[in-house]
Amino acid sequence: MRGWTAADIPDLRGRRAVVTGANSGIGYHTALELARHGASVVLACRSAERGQAAHDRMRAEVPDAEIELAALDLADLASVREFARRQAGRPLDILVNNAGVMALPRRGTADGFEMQFGTNHLGHFALTGLLLPALRAADSPRVVTVTSGFAWAGRLRFDDLQGERRYQKWGAYAQSKLANLVFTKELGRRVPEVTSVAAHPGFAATNLQQTGPRMQGSKFMERGAGLLNAAVAQSAAAGALPTLYAATAPPVEQGACYGPRVVQWRGAPTKVPTHPQAGRAELGARLWEVSESLTGVRYEIPATGPG
């Protein structure tokens, strides 16, 4: 694993991948490298305009890439269901749950969920469940869910998951990223035939850091986030390496998380420790039950045991 780069990605011809939020940042570079190495890649994007621009840019970089643009708004369960319906009937080898929002002023999704929990966790929970038949149809399917180092500050507040009583934008973000880890491990427990792993990019320069300040109308904070990215962040291409490793490297471990080697900040991908709450089976079971109830998506998991 030491020094692993995108050049180490194996031949992916004959494999099919879906990458959410593929129009920019980590998602774009993840989709680009999967396509460069032969995978058929679906760019699942909320904005048709930005998605088309990413599609055209990717096509220019890899002219023979097999890429498809598809509409997906993770903050709208109707959109998630329609996307999954259109993707049905074809085996899916790799699902990268990448799209997300960070540190926003409190907003609601189309279904009334707090935007960060609704998009980062519930949208991907629903998407994965709806695509589970396609994943099961593949030979060795993987689901990679992108989390963040902020998960270490997270806590699942089951008495106020939507931040209705008290909302703090960074706390809500940390909660959603911890939920990504808890989901990753619980998915691996419940559906062991699918390799479920997490990844995080460290501190990578993407548009996420500036979106929150922009929505608040703070030009000062938006410029500050841009300057911080330029000064200390690694590139989005480098930040995508843990995701690419988790999606393609042969020896990944069920339920593990992969991130940058150097203090989980930057560098080549490696297996990294996670929040101690992430592996608690009772927490995973509770989040799963709540997520099924909120989204209305119940995974098709065969019953086991006698009878």
Side-chain angles (χ1 to χ4, degrees), residues 4-6 8-9 12 17-37 39 41-47 50-51 53-55 57-58 61-62 65 67 69 72 74 94-104 116 119-121 123-124 127-128 142-151 173-174 176-177 180-181 183-184 197-212 225-226 228-230 232-249 252 257-262 264-270 272:
W4 194 92
T5 72
D8 296 305
I9 295 172
L12 299 175
V18 167
V19 181
T20 68
N23 59 279
S24 65
I26 305 302
Y28 176 85
H29 288 283
T30 298
L32 174 66
E33 294 301 335
L34 292 176
R36 194 193 304 279
H37 288 82
V41 183
V42 179
L43 314 180
C45 303
R46 181 176 61 84
S47 166
R50 291 194 293 273
H55 176 281
R57 180 183 164 200
M58 203 173 295
E61 291 197 50
V62 187
I67 52 178
L69 179 62
L72 173 64
L74 288 157
I94 302 168
L95 170 60
V96 181
N97 290 326
N98 163 80
V101 292
M102 182 174 78
L104 304 180
Q116 298 191 80
T119 301
N120 299 351
H121 169 62
H124 282 125
L127 178 67
T128 305
R142 288 192 194 182
V143 174
V144 181
T145 301
V146 179
T147 182
S148 163
F150 275 96
Y173 178 67
S176 73
K177 295 288 102 178
N180 290 152
L181 285 173
F183 166 67
T184 293
V197 292
H200 82 79
F203 189 2
T206 71
N207 61 4
L208 275 182
Q209 291 91 340
Q210 293 168 289
T211 300
L228 188 63
N229 276 350
V232 299
Q234 63 180 351
S235 69
L241 290 177
T243 299
L244 287 163
Y245 184 91
T248 68
V252 299
C257 182
Y258 297 88
R261 179 177 301 277
V262 182
Q264 297 199 43
W265 184 281
R266 61 191 305 129
T270 190
V272 297

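For the numbers below, each heavy atom of this structure counts, side chains included, while hydrogens, waters and symmetry mates do not. Because the structure is a prediction, the values reported are computed rather than measured.
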Please round to the nearest 0.5 Å and tell me the distance separating atom OG1 of T270 and atom CH2 of W4. 12.5 Å

Can you name the residues that form a salt bridge (Lys or Arg N to Asp or Glu O under 4.0 Å) with R50, not counting sequence neighbours? none

Using the side chain to side chain contact (heavy atoms under 4.5 Å, CB included) rule, take L127 and L95 through it: C-alpha gap first, then chi angles, then the decisive distance, then the call. CA-CA 10 Å; L127 178 67; L95 170 60; 4.1 Å; yes

d(I94 CD1, T30 OG1) to nearest 0.5 Å is 10.5 Å

Might you work through the side chain to side chain contact (heavy atoms under 4.5 Å, CB included) test for N23 and L43, ending with a clear yes or no? CA-CA 7 Å; N23 59 279; L43 314 180; over 6 Å; no

Nearest atoms (heavy-atom pairs only) where A240 meets H29: CB-CB, 3.9 Å

Would you name the heavy atoms of A246 and A198 that are closest together and state the gap between them? CB-O, 4.3 Å

Can you measure from OG1 (T147) to CG (L181) and round to the nearest 0.5 angstrom? 4.0 Å

Do H124 and T20 pair up side chain to side chain, a donor and an acceptor below 3.5 Å, judged on atom types alone? yes

Separation of N120 CG from M102 CE (nearest 0.5 Å): 10.0 Å

Locate the shortest heavy-atom distance separating V41 from A35; write the atom from each residue and the value. CG2-N, 3.7 Å

Please walk me through it: do L69 and I67 pass side chain to side chain contact (heavy atoms under 4.5 Å, CB included)? CA-CA 7 Å; L69 179 62; I67 52 178; over 6 Å; no

Side-chain heavy-atom pair V272, H200 within 4.5 angstrom cut-off: yes

Ignoring hydrogens, what is the shortest heavy-atom contact between P201 and I26? Give both atom names and the distance. CB-CD1, 3.8 Å

Once side chain to side chain donor-acceptor pair (under 3.5 Å) is applied, do any residues pair with T243, and if so which ones, sequence neighbours excluded? none

State, to 0.1 Å, how close A6 and L241 come at their nearest heavy-atom pair, and which atoms those are. N-CD2, 3.6 Å

Validation row: V146, N180 side chains within 4.5 angstrom (heavy atoms): no

Apply the test side chain to side chain contact (heavy atoms under 4.5 Å, CB included) to residues L34 and L244: give CA-CA distance (whole Å), side-chain angles for both, the deciding distance (0.1 Å), then the verdict. CA-CA 8 Å; L34 292 176; L244 287 163; 4.0 Å; yes

Interatomic distance, CD@Q116 vs OH@Y173, rounded to 0.5 Å, equals 8.0 Å

Point-to-point distance, once rounded to the nearest 0.5 Å, from CZ of F183 to CG of N97: 6.0 Å

Taking every heavy atom of Y258 against every heavy atom of V252, the minimum-distance pair comes out as OH-CA, 3.3 Å

I'd like to check the side chain to side chain donor-acceptor pair (under 3.5 Å) partners of R36; sequence neighbours left out, ordered by chain and number. E33

